[in-house]
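Note that these values count all heavy atoms, side chains included, but never hydrogens, waters or copies made by symmetry.
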Amino acid sequence: MKRILKYLIFGVIALVFVGTLVFLYRKSQQAPVVYQLDSPAHMAIVKKTVATGKVIPRREIEVKSQVSGVVEKLYVVAGQTVKKGAIIARISLRPNMLTVSAAEAQLLQARINLQNQATDLQRYQKLLADRIISESQFRQYETNYNLQKEAVAAAETTLALLKTGASKGMVSNMIPATIDGTVLDVPNKEGSFILESSTFQSGTSLATLADMNDMIFEGLVDESEVGKLKEGMELVLNVGALQGKPFKATLEYIAPKGVTDQGTIKFTIRAAVVLDKELFLRSNYSANADIVLDKREDALAINEGDLLIDGDKTFVEVETAPQKFEKREIKTGLSDGINIEVVSGLAPGEKIKHR
């Protein structure tokens, strides 16, 4: 009985050992790999580059005052449309007292000189009547008198402008719009002190005006793509704030000099935007411009990831029998980064290994 039990235990151990060997052997045998297959297909291949930038008015100007003072009244608000010559603001002058005093002294001196010239002119009129002086001499004295009258008028105008900002139809404290357009911004409110625009300083801006009917796209293009651009090319603008509403634009300017942007050289481009009457483009909208560099209609193409590249040659693995492949050289053309055109070496009905 003990002998039978001993043989039985050895038999179980042997069976477990053999079963383990069989299991390990089967596990070591890999399942056959089944490769996915792709087929070339006819499609449109479009090669394009993207320029990032913004939409801005072609003309955007700042309206500034010719006199210093305090903004007494504003007649416009941001978003309002104005015509050229419309009054933007009225300035309450705060003249320098030394300047006013000098102008008053100049006016007083001009009036005294005019009075002296008037007295002399009366005396010369009597001398002319008595034929003591010639008429040409009298005309010279009369001219001096008229010139002094103009000097008095000029001094009166200067003093009036310093005190009130207006004199005899001349108004300098009423600030007009310089173009037809839309008010983009009114940076200074009523009560703000502003400085005049002169040859020594740019002056304080009262309002920013722009023609919103003439918009352009201004963006940057990488130096690797700028050589492929030409004026007159069509752009498709995708405005971030107006998703799904692309605009067309025509490239009209490519900068001759690049700028450094985040460590790379980029070139500024500008394109005229074709506006949509139903959509309002606001100034400084961010936008991306798709620029079509090349295009193939109905081209035979494959996924670019299926290519094998060896030096300057390209290959694909073509199925010759079920899951049997041969390496074949093909000639490729235009690529959009995902799909690539097959010029020769592959027929439409053939299958290739998916990689």
Indicate yes or no for a side-chain donor-acceptor contact from [X] to the backbone of [Y] under 3.5 Å, with no hydrogens or angles considered.
X	Y	value
E341	L334	yes
D180	K84	yes
T81	G181	no
Q80	V77	yes
Q109	N113	no
K230	G227	no
E329	K313	no
S192	N188	no
D306	R355	yes

Rounded distance [0.5 Å steps], [atom1] in [X] versus [atom2] in [Y]:
X	Y	atom1	atom2	answer
E60	T182	CD	OG1	11.0 Å
S65	M174	OG	CE	11.5 Å
K248	L275	NZ	CG	14.0 Å
L229	L293	CG	CG	6.0 Å
S92	K73	OG	NZ	14.0 Å
D298	M43	CG	CE	10.0 Å

Check [Y] with [X], please: is the shortest side-chain N to carboxylate O separation under 4.0 Å?
X	Y	answer
K327	E317	no
R58	D214	yes
K47	D294	no

**OP:** Going by the side-chain contact (heavy atoms from CB on, under 4.5 Å) test, name the single residue among L307, V318, I352 that passes it with I330.
**Re:** L307

For [X], I'd like to know if atom [atom1] has over 12 heavy atoms of other residues, nucleotides or ligands within 6.0 Å.
X	atom1	value
K189	NZ	yes
K353	NZ	yes
Q106	CD	no
Q115	CD	no

Side chains of [X] and [Y] in contact at under 4.5 Å (non-hydrogen atoms):
X	Y	answer
M233	I291	yes
E297	K295	yes
F325	T320	no
Q148	Q117	yes
I175	I91	yes
I265	V259	no
R328	E350	yes
D310	F315	yes

Original post:
What do the steps show when you test I179 against I61 for side chain to side chain contact (heavy atoms under 4.5 Å, CB included), and what is the final call?
Top reply: CA-CA 9 Å; I179 62 169; I61 60 100; 3.8 Å; yes

Which atom names give the shortest non-hydrogen contact between [X] and [Y], and what distance separates them?
X	Y	answer
V221	E225	CG1-CB, 3.9 Å
S224	D222	OG-OD2, 2.7 Å
P57	D211	CB-O, 3.9 Å
Y285	F280	CE1-O, 3.9 Å
T52	F217	C-CZ, 4.1 Å
L300	P40	CD1-CB, 3.7 Å

Using distance alone, with no hydrogens and no angle criterion, decide if [X] and [Y] have a side-chain donor and acceptor under 3.5 Å apart.
X	Y	answer
K351	S39	yes
E304	S335	yes
N339	N303	no

**OP:** Return each pair, listed once, that meets side chain to side chain donor-acceptor pair (under 3.5 Å) where at least one residue sits in residues 264-282; pairs must be two or more places apart or across chains.
**Re:** D261-K266

Treat each ILVMFWY residue as a node, draw an edge where side-chain heavy atoms are under 4.5 Å apart, and state whether [X] and [Y] are in one component.
X	Y	result
L281	L209	no
V63	I56	no
I216	V226	no
I302	I338	no
L279	M212	yes

**OP:** Under the side chain to side chain contact (heavy atoms under 4.5 Å, CB included) rule, what do N284 and V55 come out as? Steps first, then yes or no, please.
**Re:** CA-CA 5 Å; N284 279 1; V55 178; over 6 Å; no

Subject >> I88 and Y75: CA distance, side-chain angles, deciding distance, side chain to side chain contact (heavy atoms under 4.5 Å, CB included) verdict >> reply: CA-CA 5 Å; I88 298 259; Y75 297 98; over 6 Å; no

Original post:
Could you go step by step and tell me if L37 and H354 meet the side chain to side chain contact (heavy atoms under 4.5 Å, CB included) rule?
Top reply: CA-CA 5 Å; L37 302 176; H354 175 79; over 6 Å; no

